[in-house]
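The structure appears below as structure tokens.
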2 protein chains.
Amino acid sequence: MKVKSLDRSPSLPEEIVASLTSALHAGELRPGDRLPSEQALANEFGVARTVVREAISQLKYDGVVQSRVGVGAFIAQPQERTAFRISPACFQKRKELLKLLRLRNGVVIEFAADAALARSKRDIARMEAILKEMREAIADSEHGAERHFEAERQLIHVIAKMADNEHALNFIVMIDGQIAEKLRSVAVKNTKATELAAVAIEEQARLVEAIKHGDPVAARDKARKHYDNAARRLADRADLADV
Amino acid sequence: MKVKSLDRSPSLPEEIVASLTSALHAGELRPGDRLPSEQALANEFGVARTVVREAISQLKYDGVVQSRVGVGAFIAQPQERTAFRISPACFQKRKELLKLLRLRNGVVIEFAADAALARSKRDIARMEAILKEMREAIADSEHGAERHFEAERQLIHVIAKMADNEHALNFIVMIDGQIAEKLRSVAVKNTKATELAAVAIEEQARLVEAIKHGDPVAARDKARKHYDNAARRLADRADLADV
DNA sequence: AATATCAGGTTGTCAGACAACTGGTGACCA
DNA sequence: TGGTCACCAGTTGTCTGACAACCTGATATT
């Protein structure tokens, strides 16, 4: 029905980028090193120069390489990078996934305090609607787990939006979007939903309450309690696949 | 001497990326919209199709657009993005810079606690050497401010490294590298160094102490005190240029 | 010995071509 | 009339070859 044909034959530039970044990650390419010329890479990979150029242009976009006309392309210093990127490889290992989750949670926790300071009535109404949706989801034996999962995400997004820092918002949305895709199936499957969800909802209700009261310290505290617990509950689950 | 010829004539693909992203940021392009065909864009911008392709390949790399053979290229949903990027435009406004600083500080504060849990003797020695460098820098009337600035950055990097989360480390190094370039001149110029620096060093010494004792709560607390204060001191400075 | 010139290599850009693929149109047929 | 199918124009992905601008190092010249 929804097989969706996950062919995904990776494009040539993608493969070259992957090859170069893995070489970089493996230490075969180090900051300051000069890349082979575009023509040489094209020959090596058996593709046209345009393909190599597209690959290198992506690396340049991230500040991972810098090129000088007439000279060549060079691996830049780590501090020169202009993008934080999540590669598919990050999700291969369970550990990596949990570390990304930790990073997302850390930012959310920190900015929950800012949210408490900048809250508006609209925001509060929004959050309470989300809590209501969570509570209703418990009764939904069919899609309840999925609804709860999505509601949790929405709460995070609302908090991030409240904090009045678009960079933090972008960051949270980006990470969350990436890990959510991987976590959804785990969160939905095999969930002995109700009792765990009830605890989680209580935690989040306290967080919302703190934000509502405009108490940044309490908001941070409640946020930490919930998101640390949520991460622990997830880590304890045996069915979080490790490839 | 070190003028270094900042010519920086932006490349054609760069300009097109900038044009498209600004159109996207301005709401002229919205998620789900279809981009003009590569040939149409090439005509519009007066460049070759290869240039347009390099630009779009960069956008695809970030998950900002997705393309399908035979159909076209489309603006993706925000949750689809795979990269958090700092564009040069972020530094034009003083406010943006402070928000980026807030984001960096938030992550550092949060992971200072993790650092306290995962500290090693090597790390502690490293941190104490950095504190020593800061204290010595006070006496250096010529390069003291710059030395202090760099030492503060190194302390952040060491803490990030300690926390055993390479994603957080990457993120901090990236953001810090970007804002440092913009802050260094401000931090160094017109610094009535000694008295402010002494306060900052004391704050950081307490942070190091907390990490040394393996106390995550104290580490987080001290980190928050220092980095919030540092941000406030910076924001209070009148010479932080606003373009 | 110091300087000017040149040749080769490298990146940036251009132009044109073709394959694979998609969506819709219109012809054809039952 | 209604459904099926071949076809066509448009699009992306890739390839090829070319040239300009530029840099480096070697060579020739003074």
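Proteins get letters first, then strands, A, B, ... in listed order; numbering begins at 1 in each. The basis for the numbers below is simple: all heavy atoms, side chains too, and nothing from hydrogens, waters or symmetry mates.
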Round to the nearest Å and state the distance from [X] atom [atom1] to [N] atom [atom2].
X        : N       : atom1 : atom2 : result
Leu41(B) : dC14(C) : CG    : P     : 14 Å
Glu15(B) : dT13(C) : CD    : C1'   : 13 Å
Glu54(B) : dT13(C) : CD    : P     : 7 Å
Phe74(A) : dC23(D) : CZ    : P     : 12 Å
Ile56(B) : dT11(D) : CD1   : P     : 12 Å
Asn43(A) : dT16(D) : CG    : P     : 10 Å
Leu35(B) : dT12(D) : CG    : P     : 9 Å
Phe45(B) : dG12(C) : CZ    : P     : 19 Å

Name the nucleic acid region contacted by Thr50(A), choosing base, sugar-phosphate or nothing; use a 4.0 angstrom heavy-atom cut-off, strictly under.
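Base contact.
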query = When all nucleic acid strands are considered with a 4.0 Å heavy-atom cut-off, which category describes Arg53(B): base, sugar-phosphate, or nothing?
reply =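 Arg53(B): base contact, heavy atoms under 4.0 Å.
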(Q) Is the phosphate of dT11(D) approached by Arg34(B) (side-chain N or O, under 4.0 Å from OP1 or OP2)? (A)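 So the side chain of Arg34(B) is within the cut-off, an N or O lying under 4.0 Å from OP1 or OP2 of dT11(D).
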| field | Contact summary for Ala112(B) and Ile159(B), nearest pair of heavy atoms | value |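 Ala112(B) and Ile159(B) have their closest heavy atoms at CA-CG2, 3.9 Å.
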*Atom of Asp62(B), atom of Ala83(B) and distance for their closest heavy-atom approach*: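 The answer is OD1-CB, 3.5 Å.
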Options [options], nucleotide nearest the side-chain atoms of [X]:
X        : options                   : value
Glu38(B) : dG13(D), dG23(C), dT11(C) : dG13(D)
Val71(A) : dA20(C), dG12(C), dC23(D) : dC23(D)
Leu12(A) : dT13(C), dT24(D), dC15(D) : dC15(D)

Run through Glu96(A), Arg104(A), Lys99(A) and flag the one making a side-chain hydrogen bond (donor to acceptor under 3.5 Å, both in side chains) with His167(B).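 Going through the options one by one, the only one that passes is Glu96(A).
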* Taking for each residue the nucleotide of DNA chain D bearing the nearest heavy atom, is the 5' side occupied by Ser37(B) or by Ala48(A)? ->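 Here Ser37(B) is the residue nearer the 5' end.
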Could you tell me whether the side chain of Ser57(A) reaches within less than 4.5 Å of the side chain of Ser57(B), counting heavy atoms only?
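Side chain of Ser57(B) against side chain of Ser57(A), heavy atoms only: contact under 4.5 Å found.
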Are the side chains of Gln204(A) and Ile130(A) in touch, meaning some heavy atoms are under 4.5 Å apart?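 Side chain of Gln204(A) against side chain of Ile130(A), heavy atoms only: no contact under 4.5 Å found.
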Donor/acceptor link under 3.5 angstrom from Arg49(B) side chain onto base of dG13(D)
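Indeed there is one.
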